[in-house]
Amino acid sequence: MEVMKKDFKQKVFNIIRKIPRGKVLTYKKVATRAGNPRASRAVGGILGTNFDPTIPCHRVVRTDGGVGGYNRGINNKIKLLKKEGVASKTFLLY
DNA sequence: CATTTGACGCCAA
DNA sequence: TTTGGCGCCAAAT
């Protein structure tokens, strides 16, 4: 099945959807898996404009260790991560 | 169709 | 080591 036309966005969402609970992925990792390791920005851009409630995008954090952001409230994202059992060092707030 | 935005990443100072 | 600036890609307007 290779390319399948619906590359990036669809793929990115698919990857995030596969993230197991208690685990976090970086935007870069998602972008790399989506086909472009430099499209880390595009990943965030897609999520920011097209947020999907069916996708645990709150499990996606920055490579620097930042939580990144969340259309549903950054505070909520942090809370979710903590509840999932993610190490606080994995997603520094500021 | 072209331009701006946007939840980032990496290099340099 | 920390802070700042530039670069990159895709989607939305």
Side-chain angles (χ1 to χ4, degrees):
Chain A
M1 305 305 215
E2 305 76 69
V3 285
M4 254 203 222
K5 242 30 139 357
K6 50 192 170 162
D7 36 317
F8 224 78
K9 196 177 142 199
Q10 197 81 327
K11 212 171 208 175
V12 169
F13 273 72
N14 179 47
I15 293 163
I16 297 172
R17 198 183 283 165
K18 292 192 297 203
I19 301 177
R21 181 185 167 284
K23 178 93 181 262
V24 287
L25 272 174
T26 61
Y27 289 99
K28 193 177 193 189
K29 251 175 178 180
V30 177
T32 304
R33 264 184 143 177
N36 279 41
R38 266 100 187 163
S40 50
R41 249 184 178 183
V43 175
I46 291 161
L47 295 172
T49 325
N50 273 34
F51 176 69
D52 220 303
T54 58
I55 301 216
C57 37
H58 64 264
R59 286 183 192 152
V60 187
V61 294
R62 297 207 339 196
T63 312
D64 296 87
V67 285
Y70 200 49
N71 287 11
R72 286 319 190 221
I74 182 63
N75 192 292
N76 192 289
K77 179 174 179 177
I78 297 166
K79 207 169 185 168
L80 284 164
L81 288 167
K82 286 194 160 193
K83 286 175 121 214
E84 300 235 336
V86 180
S88 314
K89 297 174 95 128
T90 314
F91 60 97
L92 300 173
L93 280 59
Y94 311 97

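Sequence lines set the chain letters: A, B, ... in the order given, protein chains first and strands last, and positions in each chain run from 1.
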Mate of C:dT1 where both pairing distances stay under 3.5 Å, Watson-Crick or G-U: none

Nucleotide opposite B:dG9 in a Watson-Crick or G-U pair, distances under 3.5 Å: C:dC6

Test item: A:Lys77 side-chain N/O and A:Val60 main-chain N/O as donor-acceptor pair under 3.5 Å: yes

Protein-nucleotide distance (A:Asp64, atom CG; C:dG4, atom P), rounded to Å: 14 Å

Distance in angstrom units between A:Leu25 CG and B:dC8 P, rounded: 16 Å

Side chain to side chain contact (heavy atoms under 4.5 Å, CB included) assessment of A:Leu47 paired with A:Tyr70: CA-CA 9 Å; A:Leu47 295 172; A:Tyr70 200 49; over 6 Å; no

A:Arg62 vs B:dC8: side-chain N/O to OP1/OP2 distance below 4.0 Å: yes

Exceeds 12 heavy-atom contacts within 6.0 angstrom, atom NZ of A:Lys23: no

Distance, nearest 0.5 Å, that separates CG of A:Asn14 from NZ of A:Lys9: 13.0 Å

Selected nucleotide, minimal atom distance to A:Ile46 side chain, candidates C:dA10, B:dA7, C:dC9: C:dA10

G-U wobble or Watson-Crick pairing nucleotide for C:dA11 (cut-off 3.5 Å, both distances): B:dT4

Whole-Å distance separating the CG atom of A:Leu80 from the C1' atom of B:dA7: 15 Å

N or O in side chain of A:Asn50 less than 4.0 angstrom from C:dA12 OP1/OP2: yes

Selected nucleotide, minimal atom distance to A:Lys28 side chain, candidates B:dA7, C:dG7, B:dC10: B:dC10

Nearest-0.5 Å distance that lies between atom CG in A:Asn76 and atom CG in A:Asn71: 11.5 Å

Presence of A:Lys9 side-chain N/O under 4.0 Å of C:dC9 phosphate oxygens OP1/OP2: no

Sugar-phosphate only, base, or nothing, as touched by A:Ala42 at under 4.0 Å among non-hydrogen atoms: base

Atom pair distance, as rounded to whole Å: CZ in A:Arg38 and P in C:dA11: 18 Å

Heavy-atom donor-acceptor pair, A:Tyr27 side-chain to B:dA7 base, under 3.5 Å: yes

Sugar-phosphate only, base, or nothing, as touched by A:Leu47 at under 4.0 Å among non-hydrogen atoms: base

Comparing A:Val61 and A:Thr49 on DNA chain B - which has the more 5′ nearest nucleotide: A:Thr49

Between C1' of C:dA10 and CZ of A:Phe51, the distance in whole Å: 19 Å

Distance, rounded to the nearest Å, where A:Phe8 contributes CZ and C:dA10 contributes P: 6 Å

Qualifying residue, where the test is side chain to side chain contact (heavy atoms under 4.5 Å, CB included) with A:His58 and the options are A:Arg72, A:Glu84, A:Lys79: A:Glu84

Residue A:Cys57, side-chain atoms from C-beta onward, closest of B:dA7, B:dC10, B:dC8: B:dA7

Rounded distance in Å - CD (A:Gln10) to P (C:dA11): 11 Å

Whole angstrom value for the distance that separates P of B:dC8 from CG of A:Asn36: 17 Å

